[in-house]
Protein chains: 2
Amino acid sequence: MSLPYAVLGFLNYAPMTGYELKKAFDTSIRHFWPADQAQIYRTLKELTRRGWVTVEVVPQEDRPNRKVYHITDAGREELRRWLGTPADPEDPRVPLLIRIFFAGQLPSEKAIALLETYAAALRARLETYARIPQRAAHYAEAIQSPREVFFWALTLDYGIRLTRAALEWAEEAIRNIRNLEKQ
Amino acid sequence: MSLPYAVLGFLNYAPMTGYELKKAFDTSIRHFWPADQAQIYRTLKELTRRGWVTVEVVPQEDRPNRKVYHITDAGREELRRWLGTPADPEDPRVPLLIRIFFAGQLPSEKAIALLETYAAALRARLETYARIPQRAAHYAEAIQSPREVFFWALTLDYGIRLTRAALEWAEEAIRNIRNLEKQ
DNA sequence: GTCATATATAGGACAAGTCAAATATAAGCA
DNA sequence: TGCTTATATTTGACTTGTCCTATATATGAC
């Protein structure tokens with residue numbers, strides 16, 4: 001149940017509409033916490049109910065009124081409290097590993113193909129990660145806080161390290177399957 | 001939607017009841033695919049409906065009748081087909097990273113505490129992994145197939161590598177936060 | 001003596017998130 | 001002319017999985 005707190009985190013930087021929040025998610029933490037648009041709006045409703053945000057309705061013609069959400073003092077307090085609390089455990093599910101676990105049922109080329117596809121996805125992910133610092137520079141200037149930027153960079157570093165480790169695993173797995181064949 | 005296929009994978013080794021399947025999950029792939037008991041029974045019902053397994057009811061006194069599930073030829077075919085198919089993407093969600101992303105709002109000791117707790121959990125996980133090979137030896141003897149055992153080992157290797165990478169990240173993050181303080 | 005554990009299945013309630021559609025209009029592009 | 005994209009929110013249906021409870025009894029631990 002981290003989504004409400006991610007929303008509070010963004011609203012703590014600046015008041016925003018649900019629509020703008022969706023963009024904030026998509027251009028920053030999407031890689032480790034994708035957020036569905038419908039889910040954001042429902043969360044906003046819940047946060048309002050709890051008194052952690054307030055809504056400022058800005059009338060518009062042609063379009064639905066903008067509902068700009070502002071974090072309250074109670075919301076800020078709740079955010080800080082939550083941030084200092086131990087993280088929820090990760091979902092350990094790795095769909096590929098089910099296939100690998102039962103891959104003894106598969107001819108070696110098919111097992112290798114599975115791993116090659118996976119490795120290709122990981123390489124693509126690394127390239128995506130490599131392009132992030134440029135985009136992030138824009139936000140870094142806007143926020144003017146090296147401390148914030150430091151922690152943002154940590155999350156990217158996590159993604160790079162884990163992806164590299166997975167890639168190395170896949171590459172060695174492929175080599176080992178080939179060795180298996182030779183014997 | 002991998003659970004039905006994991007169930008087929010186990011039933012392909014041997015016919016089993018839902019209860020035995022639950023134990024099979026818990027003593028093997030739980031680390032990358034935990035399975036809820038209720039979910040297993042519901043999946044079994046669905047697999048039966050699709051004709052991928054058949055039920056053999058073994059009457060018992062005192063206890064509910066055993067319902068032993070057998071994989072069918074159609075089920076075996078479906079399993080092989082699925083195994084050769086590209087893996088679903090992983091859920092990228094890492095709850096800790098939301099806290100880290102917004103940790104600029106937190107005093108450094110609290111950010112470090114967060115990472116220490118995380119690192120401790122990772123170390124405990126590595127110890128659990130270290131104990132797996134002994135338990136696995138029992139299954140390896142039972143199945144008498146070095147090829148199957150090779151793929152089982154691959155899944156463990158994945159867990160170890162990824163956990164180590166996460167741990168290295170956390171340890172370096174802690175060092176970097178301490179450096180931040182000194183400046 | 002009581003409590004946990006093992007055997008064995010089933011169903012209801014609920015949480016989180018996904019997907020798609022509805023509503024309304026302007027701007028830019030081919 | 002028509003298609004896509006941007007702006008902005010809401011709702012409904014659905015999926016996957018979790019948690020808890022119910023039912024029944026035997027055995028071993030403390």
Side-chain angles (χ1 to χ4, degrees), chain A residues 1-7 10-11 15-27 29-50 53 55-69 87-95 98, chain B residues 1-7 10-11 15-27 29-50 53 55-69 87-95 98:
Chain A
M1 252 227 359
S2 307
L3 185 66
Y5 295 98
V7 168
F10 282 119
L11 293 182
M16 265 180 265
T17 65
Y19 189 84
E20 287 165 332
L21 268 167
K22 171 62 175 160
K23 279 195 292 184
F25 272 89
D26 285 350
T27 56
I29 70 175
R30 183 195 27 170
H31 302 293
F32 56 86
W33 207 271
D36 184 78
Q37 176 257 110
Q39 194 72 5
I40 288 175
Y41 281 102
R42 282 193 252 253
T43 298
L44 247 10
K45 196 169 281 177
E46 175 63 16
L47 291 176
T48 311
R49 201 188 60 74
R50 292 197 177 226
V53 304
V55 202
E56 172 203 355
V57 180
V58 182
Q60 292 194 133
E61 295 155 24
D62 309 343
R63 254 156 286 205
N65 291 337
R66 279 165 65 84
K67 296 171 88 170
V68 182
Y69 290 87
D88 307 318
E90 283 154 50
D91 184 344
R93 284 181 176 78
V94 184
I98 297 195
Chain B
M1 255 231 352
S2 308
L3 185 66
Y5 295 97
V7 168
F10 282 119
L11 293 182
M16 265 181 265
T17 66
Y19 190 83
E20 288 165 332
L21 269 167
K22 172 63 175 157
K23 280 194 292 182
F25 272 88
D26 285 351
T27 55
I29 69 175
R30 183 194 29 170
H31 302 293
F32 57 86
W33 207 273
D36 185 78
Q37 174 257 112
Q39 194 72 5
I40 288 175
Y41 282 101
R42 283 193 252 255
T43 298
L44 248 10
K45 195 168 281 178
E46 175 64 16
L47 290 175
T48 311
R49 201 188 60 72
R50 292 198 178 226
V53 303
V55 202
E56 173 203 356
V57 180
V58 181
Q60 293 195 132
E61 295 155 25
D62 310 342
R63 255 157 284 206
N65 291 337
R66 279 166 65 84
K67 297 170 89 172
V68 182
Y69 290 87
D88 307 319
E90 283 154 49
D91 184 344
R93 284 181 176 79
V94 184
I98 298 195

Figure out the [atom1]/[atom2] separation between [X] and [N], and round it to whole Å.
X	N	atom1	atom2	answer
Asp88(B)	dT16(D)	CG	P	11 Å
Trp33(A)	dG17(C)	CH2	C1'	10 Å
Asn65(B)	dA10(C)	CG	C1'	13 Å
Glu56(B)	dA8(C)	CD	P	13 Å
Arg66(B)	dA6(C)	CZ	C1'	13 Å
Asp26(B)	dA8(C)	CG	P	15 Å

Sequence neighbours left out, what passes salt bridge (Lys or Arg N to Asp or Glu O under 4.0 Å) with [X]? Give chain and number order.
X	answer
Arg30(B)	none
Glu20(A)	Arg66(A)
Arg93(A)	Asp91(A)

Going by ring-ring contact (aromatic ring centres under 6.0 Å, His included), name the residues that satisfy it together with [X], two or more places apart in sequence or in a different chain.
X	result
Phe32(A)	none
Tyr19(A)	none
Tyr69(B)	none

Residues from residues 39-48 of chain B sitting under 4.0 Å of DNA chain C, heavy atoms only?
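Residues of residues 39-48 of chain B that come under 4.0 Å of DNA chain C are, in numerical order, Tyr41(B), Arg42(B), Lys45(B).
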
Quick one: on DNA chain C, does Arg93(B) or Val68(B) contact a more 5' nucleotide (nearest heavy atom)?
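By nearest-heavy-atom nucleotide position, the 5'-most residue is Val68(B).
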
Which pair of non-hydrogen atoms, one from [X] and one from [Y], has the smallest distance, and what is that distance?
X	Y	value
Ser2(B)	Asp88(B)	OG-OD2, 3.7 Å
Phe25(B)	Ala6(B)	CZ-CB, 3.6 Å
Val7(B)	Leu47(B)	CG1-CD1, 3.5 Å

Nucleotide N/O of nucleotides 3-5 of chain C paired with protein N/O under 3.5 Å:
none

Within less than 4.0 Å of OP1 or OP2 of dT7(C), is there a side-chain N or O belonging to Thr17(B)?
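Thr17(B) to dT7(C) OP1/OP2: no side-chain N or O under 4.0 Å.
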
Flag the pair Arg42(B) and Glu46(B) as a salt bridge only when some basic side-chain nitrogen lies within less than 4.0 angstrom of an acidic carboxylate oxygen.
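So Arg42(B) does not pair with Glu46(B) through a salt bridge.
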
List in numerical order all residues of residues 18-25 of chain B for which some heavy atom is under 4.0 Å away from an atom belonging to DNA chain D.
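Residues of residues 18-25 of chain B that come under 4.0 Å of DNA chain D do not exist, since none gets that close.
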
Can you name the residues that form a side chain to side chain donor-acceptor pair (under 3.5 Å) with Thr27(A), not counting sequence neighbours?
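Side chain to side chain donor-acceptor pair (under 3.5 Å) check on Thr27(A) returns Tyr139(A).
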
Side chain to side chain donor-acceptor pair (under 3.5 Å) with Lys67(B): which residues, sequence neighbours excluded?
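Lys67(B): no side chain to side chain donor-acceptor pair (under 3.5 Å) contacts found.
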
Can you tell if the side chain of Leu44(B) reaches within under 4.5 Å of the side chain of Thr17(B), non-hydrogen atoms only?
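Heavy-atom side-chain distance check fails, nothing below 4.5 Å.
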
Proximal nucleotide (of [options]) relative to the [X] side chain:
X	options	value
Ala38(B)	dT9(D), dG17(D), dC19(D)	dC19(D)
Gln37(B)	dC19(D), dA8(D), dT21(D)	dT21(D)
Asp36(A)	dG17(D), dC19(C), dA8(C)	dC19(C)

Quantify the bending of the helix from dG1(C)-dC30(D) to dA30(C)-dT1(D) as the angle between its end axes, each fitted on five pairs, to 10°.
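For the helix from dG1(C)-dC30(D) to dA30(C)-dT1(D), the axes at opposite ends meet at about 30°.
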
Any donor-acceptor pair under 3.5 Å from Lys22(A) side chain to Ala35(A) backbone:
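At least one qualifying donor-acceptor pair exists.
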
